[in-house]
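Keep in mind that what you see is a predicted model, and the values were worked out from it rather than measured.
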Amino acid sequence: MSISEQDRQQEQQRIERVRRLLQKQIEKNEPEVSDLRAQVVDIRTNFWDDVTVNIANSDDQLETAISMKQQAEILSERERSHRHLQAQLKSMKRLLPSPYFGRIDFKEKGDPSPEQIYIGVSSFYNEEDDTFLVYDWRTPVASLYYDYPPGPARYETPSGTIGGEITLKRQYLIRDGELKAMFDTGVTIGDELLQQVLGKSAGTQMQSIVATIQQEQNRIIRNDRSKLLVVQGAAGSGKTSAALQRVAYLLYKHREHLSADRMVLFSPNPMFNSYISSVLPELGEENIRQTTFQDYLEHRLGKQFQIEDPFQQMEYRLNGHNDPGYEARMSGIRYKNSELFLDDMLRFGKQLEKSGMMFKSVRFRSRTLITQEEMRAKFYSYDASIRLPNRVELMKEWLLAELKRFEVAERSADWVRDEMDYLDNEQYQRAYVQMRKRQGGHDPAFDDALQEEQMLREVIVRHHFKPLRRRIKRLAFIDYTGLYLRLFSPVPDQTLELNEDGTEGRSLPGRWNEICAYTKERLGSKELPYEDAAPLLYLRELVEGFNSNTNIRYVLIDEAQDYSPFQFEFLKRLFPFSRMTALGDFNQGIFPHSTTLVGSSALLRLYGEVETENIVLTRSYRSTREIVEFTRAMLPGGEAIEPFQRDGGKPVIVFAESGSDRLEQIRLDILKLNDEGFHSIAVICKSATESAAAFEELRNRPGLDAIKLVTRETPTFSGGFVIIPAYLAKGVEFDAVLIYDASAAAYDDEGLRKLFYTACTRAMHRLRLYTAGELTRLAADVDSSLYDSVTLPANPMLK
């Protein structure tokens with residue numbers, strides 16, 4: 001619909017009016033915020049000067065308590081006022097450059113005329129005429145903008161459903177108070193606005209998408225019903241962006257009782273955390289907790305094992321083909337991350353209630369105080385109806401009591417006399433202090449030397465038994481490694497072979513004996529392969545009882561296709577009162593244990609089908625139409641992925657005569673792309689090993705001195721020229737992507753199809769692939785009309 005010049009002028013005038021009112025309110029609030037801040041600082045500094053402190057008698061004590069309470073209440077009130085006014089001030093400053101991005105004219109049923117509703121990143125209320133000049137995009141009425149074209153519409157409020165008609169829907173592009181573009185549209189977000197937003201260069205941080213939220217993304221953002229929300233989205237479909245807007249929406253809707261520290265995001269790696277760190281602050285919200293599953297594994301098991309991370313496992317997957325045990329480990333990885341193994345583990349937990357628990361003997365000075373057999377007999381002497389975790393707690397108390405008995409008996413041992421003889425003054429003084437503490441701070445009075453000796457013996461023995469007590473309190477007397485390895489016996493435990501109903505229960509993978517030997521060897525060396533970490537921790541929690549966090553209310557899992565059934569089940573138990581959002585793309589499931597999302601039994605078993613909602617996003621916004629058409633052709637069923645109609649050049653496949661020709665052309669292309677205005681350029685390699693080699697080859701070439709190597713230790717995402725493994729690039733986007741080696745030699749395995757697809761879909765505007773030999777069939781099988789090809793001249797002077 002065409003917009004008249006008069007309409008444009010009126011809209012510009014409104015923008016200027018809103019900006020004047022915003023500026024006026026900002027100028028009014030700034031001194032008030034400064035004054036309140038000064039008051040808070042002053043009260044804190046002089047808190048005790050303004051409190052009457054007298055504790056001579058009960059009346060004075062009461063007066064002191066009342067005085068302290070009054071002063072604390074004053075401080076609390078000033079702090080609340082300061083926080084509230086400061087938040088308002090920040091909100092208005094965010095609105096000032098671009099007060100709003102959308103408008104709907106909504107005629108509610110029964111009203112004679114429509115109301116103009118302008119939508120921005122936060123609300124702005126004009127006290128002078130008692131109206132909202134801007135509505136926050138998270139308000140109920142703003143959902144009309146995202147969900148409906150002009151015509152009949154309705155929205156939900158706490159008091160019920162409001163129905164009516166949208167008579168106008170308009171979108172704006174405003175920069176520093178100037179109306180750059182304006183569109184009337186009959187769809188959620190007009191292609192014109194999306195074209196302008198998506199046509200920009202990639203930055204070092206993900207940007208907010210509130211101005212361009214699509215209807216299907218809005219379903220994700222405003223979903224507040226499902227216990228588990230599963231989002232399967234094509235590469236570039238806006239999964240992560242929508243998830244972060246969802247966080248902002250939930251914090252707004254439930255602001256009375258939900259805060260950022262009650263939400264947690266599990267992301268693929270620390271670098272990705274830095275990439276998304278600006279989204280919530282842009283919307284005026286605090287960042288929620290961000291972590292990785294690996295961080296949690298390190299926290300729980302890092303003291304006992306050296307834990308492999310998923311990227312080390314991936315490197316082995318990509319580069320370990322010549323290892324004689326390669327096929328066995330791949331088979332083991334698939335099994336250990338399967339629902340079959342999860343069911344085996346649960347069955348094993350049931351069996352342990354009857355028999356089979358394993359313990360470590362309690363030893364002191366090369367002597368066994370309590371044997372494994374004694375501990376096992378005690379454990380199974382408890383009533384069989386008592387749950388495993390409760391029996392473990394009873395065992396702990398029994399062991400501590402037994403330890404106390406041994407400790408008393410040990411005081412008369414000869415070694416204690418010897419140690420007393422060699423106490424220096426400092427050690428004696430420490431013993432004296434300990435005795436004094438035990439007697440309530442009074443000086444110990446010794447009737448004779450014998451009493452003094454007894455006291456010293458007690459202190460010395462207690463000190464030596466302290467590590468034992470600490471280990472027992474940590475439940476270190478349970479042999480978890482031994483228990484876990486029982487599941488990997490070359491001759492499988494017959495008690496695990498049947499289900500409770502007597503049917504066959506265990507289905508073992510191929511190369512079973514090799515899997516068992518590998519698992520025993522690695523755990524025996526205190527090395528924990530990534531595929532064993534979650535199952536081992538899950539077994540530990542089955543025995544001890546799950547350490548749950550009841551404070552967290554929302555858990556978001558990005559790249560959820562890379563999580564195993566064990567990890568999903570574990571997170572459910574870790575956060576028992578949480579709603580879970582799982583986002584991912586099975587087409588980017590590059591790990592051997594990757595999980596399907598929509599329809600996955602591993603997810604459906606968490607909360608049941610009724611409590612699980614699936615949303616599928618098929619439209620890709622990141623890449624140009626040509627790049628999406630090329631990359632989707634690599635996938636079986638890829639035709640379901642819809643490209644956004646943003647045109648650009650076709651992907652280019654470059655054929656070189658040699659590796660050196662290929663490297664030189666990559667250098668020339670990086671510099672050319674940079675000259676064209678593309679400043680975020682990634683050379684994507686198959687693995688970290690290949691990335692390191694490429695970095696060494698390119699770093700000293702003319703013009704590439706600023707190129708950076710991204711590794712799994714890289715803490716923050718930065719733009720410019722980077723070399724990065726494909727598995728670390730997931731979730732990130734670049735203006736231009738150069739596939740370092742797209743040869744058949746590099747991508748020779750059908751199992752690498754998803755990794756190759758993931759690498760290619762990182763490109764927003766330009767995609768180039770290089771090969772110095774035969775092209776991988778993953779690209780060669782794509783219709784040649786979907787890409788351009790260039791064959792380099794066979795000489796060192798490249799054109």
Asker: Return each pair, listed once, that meets salt bridge (charged side-chain N to carboxylate O under 4.0 Å, His left out) where at least one residue sits in residues 755-780; pairs must be two or more places apart or across chains.
Answerer: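 Pairs touching residues 755-780 that pass the test: Asp669-Arg768, Glu750-Arg777.
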Asker: With sequence neighbours left out, write down each residue that passes ring-ring contact (aromatic ring centres under 6.0 Å, His included) with Phe311, or none if nothing qualifies.
Answerer: Tyr727
Asker: Roughly how far apart are Cys685 SG and Leu318 CG, rounded to 0.5 Å?
Answerer: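 Interatomic distance, Cys685 SG to Leu318 CG, rounded to 0.5 Å: 11.5 Å.
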Asker: When you measure from the centre of the six-membered ring of Tyr118, is the NZ or CZ of Arg170 closer than 6.0 Å and no more than 45° off the axis?
Answerer: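 No.
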Asker: Side-chain contact test, heavy atoms from C-beta onward, threshold under 4.5 Å: evaluate it for Ile104 versus Tyr148 and give yes or no.
Answerer: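 No; the side chains remain at least 4.5 Å from each other.
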Asker: Please report the interatomic distance CD(Glu733) to CE(Met764), rounded to the nearest 0.5 Å.
Answerer: 4.5 Å
Asker: Any side-chain heavy atom of Arg753 sitting closer than 4.5 Å to one from Leu778?
Answerer: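 Arg753 reaches Leu778 side chain to side chain.
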Asker: Could you check whether any side-chain N or O of Gln561 sits under 3.5 Å from a backbone N or O of Asp585, counting only pairs where one atom can act as donor and the other as acceptor?
Answerer: yes
Asker: What distance separates Leu663 CG from Leu668 CG, expressed to the nearest 0.5 Å?
Answerer: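 Rounded to the nearest 0.5 Å, the CG-CG separation comes to 11.0 Å.
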Asker: Taking 4.0 angstrom as the limit, do Glu11 and Arg103 come out as a salt bridge?
Answerer: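 Looking at Arg103 together with Glu11, the answer is yes, because their closest N to O distance falls below 4.0 Å.
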Asker: Working note: Arg646 + His765, criterion side chain to side chain contact (heavy atoms under 4.5 Å, CB included); need CA distance, chi angles, decisive distance, verdict.
Answerer: CA-CA 9 Å; Arg646 179 169 64 86; His765 309 292; 3.0 Å; yes
Asker: Return all side-chain donor-acceptor pairs below 3.5 angstrom for residues 623-632, not counting sequence neighbours, or 'none' if the list is empty.
Answerer:
residue, atom, partner, partner atom, Å
Ser623, OG, Ala763, O, 2.5
Thr624, OG1, Ile627, N, 3.4
Arg625, NE, Asp647, OD1, 2.8
Arg625, NH1, Glu629, OE1, 3.3
Arg625, NH2, Asp647, OD1, 3.1
Glu626, OE1, Gly648, N, 2.9
Glu626, OE2, Gly648, N, 3.3
Thr631, OG1, Ile627, O, 3.0
Thr631, OG1, Val628, O, 3.2
Arg632, NH1, Ile641, O, 2.6

Asker: Any sub-3.5 Å donor-acceptor pair from Thr167's side-chain atoms to Asp105's backbone N or O?
Answerer: yes
Asker: Is the closest side-chain heavy-atom distance between Phe101 and Trp137 below 4.5 Å?
Answerer: yes
Asker: OH of Tyr554 to CG of Leu229: how many Å apart, nearest 0.5 Å?
Answerer: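 Between Tyr554 OH and Leu229 CG, I get 11.0 Å after rounding to 0.5 Å.
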Asker: Sequence neighbours excluded, which residues qualify as ring-ring contact (aromatic ring centres under 6.0 Å, His included) partners of Tyr155?
Answerer: Phe106
Asker: Please report the closest heavy-atom contact between Leu728 and Thr711, naming both atoms and the distance.
Answerer: CD1-C, 3.4 Å
Asker: With a 4.5 Å cut-off on side-chain heavy atoms, are Ile174 and Pro99 touching?
Answerer: yes
Asker: If I take atom CG from residue Asn587 and atom CE from residue Met634, how far apart are they, to the nearest 0.5 angstrom?
Answerer: 12.0 Å
Asker: Specify the closest pair of heavy atoms between Gln215 and Asp147, including all atoms of both residues, with the distance to one decimal.
Answerer: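 Closest heavy-atom pair between Gln215 and Asp147: NE2-O, 3.0 Å.
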Asker: Which pairs, with at least one residue in residues 219-228 and sequence neighbours excluded, count as a salt bridge (charged side-chain N to carboxylate O under 4.0 Å, His left out)?
Answerer: Arg219-Glu613, Asp224-Lys253, Arg225-Glu613
Asker: With side chain to side chain contact (heavy atoms under 4.5 Å, CB included) as the test, would you mind laying out the steps for Lys730 and Asp562 before giving the verdict?
Answerer: CA-CA 11 Å; Lys730 287 208 308 181; Asp562 296 335; 2.3 Å; yes
Asker: When you measure from the side chain of Lys650 to the backbone N and O of Ser785, does any donor-acceptor pair fall under 3.5 Å?
Answerer: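 Answer holds: yes.
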Asker: What are the two closest non-hydrogen atoms of Asp136 and Arg138, and how far apart are they?
Answerer: OD1-N, 2.8 Å
Asker: Within the side chain of Arg667, is there an N or O that forms a donor-acceptor pair under 3.5 Å with the backbone of Gly703?
Answerer: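 Not a single qualifying donor-acceptor pair exists.
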Asker: Keeping Thr776 on the side-chain end and Ala779 on the backbone end, is there a donor-acceptor pair under 3.5 Å?
Answerer: no
Asker: Please report the interatomic distance CE(Met263) to OG1(Thr581), rounded to the nearest 0.5 Å.
Answerer: 8.0 Å
Asker: If you compare all heavy atoms of Tyr563 against all heavy atoms of Phe266, which two are closest, and at what distance to 0.1 Å?
Answerer: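 Nearest pair, atom of Tyr563 first, then Phe266: OH-CB, 3.4 Å.
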Asker: Are any of the side-chain heavy atoms of Leu228 and Leu604 separated by less than 4.5 Å?
Answerer: no
Asker: Which pair of heavy atoms, one from Ala248 and one from Glu285, lies closest together, and at what distance?
Answerer: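 Minimum heavy-atom contact is O-OE2, 4.0 Å.
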Asker: Contact between Thr771 and Leu769 at the side-chain level, heavy atoms closer than 4.5 Å - yes or no?
Answerer: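 They are not in side-chain contact.
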Asker: Tell me, do Lys686 and Asp741 make a side-chain contact under 4.5 Å, heavy atoms counted?
Answerer: no
Asker: Tell me whether Arg662 contacts the main-chain N or O of Tyr740 through its side chain, where contact means a donor paired with an acceptor under 3.5 Å.
Answerer: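 A pair under 3.5 Å: yes.
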Asker: Is there a donor-acceptor contact under 3.5 Å from the side chain of Gln217 to the main chain of Gln214?
Answerer: yes
Asker: Report yes if the side chains of Gln12 and Arg8 come closer than 4.5 Å at any heavy-atom pair, otherwise no.
Answerer: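 No, every pair of side-chain atoms sits at 4.5 Å or beyond.
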Asker: Give a yes or no answer on whether the side chain of Arg622 reaches the backbone of Gly238 with a donor-acceptor pair at less than 3.5 Å.
Answerer: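 Not a single qualifying donor-acceptor pair exists.
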Asker: Report the residues that fulfil ring-ring contact (aromatic ring centres under 6.0 Å, His included) with Phe756, sequence neighbours left out, ordered by chain and then residue number.
Answerer: Tyr747
Asker: I would like to know whether Ser241 and Val279 meet side chain to side chain contact (heavy atoms under 4.5 Å, CB included); could you show each step before the answer?
Answerer: CA-CA 8 Å; Ser241 296; Val279 175; over 6 Å; no
Asker: Check Thr758 against Ala726 and note the closest heavy-atom contact, atom names and distance.
Answerer: CG2-O, 4.2 Å
Asker: Test your reading of the model: is there a side-chain donor-acceptor pair from Ser620 to the backbone of Ala235, 3.5 Å cut-off?
Answerer: yes
Asker: Side chain of Asp558, backbone of Ser267: donor and acceptor closer than 3.5 Å?
Answerer: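 No; judged by distance alone, with no hydrogens or angles, the pair does not exist.
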Asker: Would you please test Ile15 and Tyr100 for side chain to side chain contact (heavy atoms under 4.5 Å, CB included) and show each step?
Answerer: CA-CA 9 Å; Ile15 293 168; Tyr100 40 83; 3.3 Å; yes
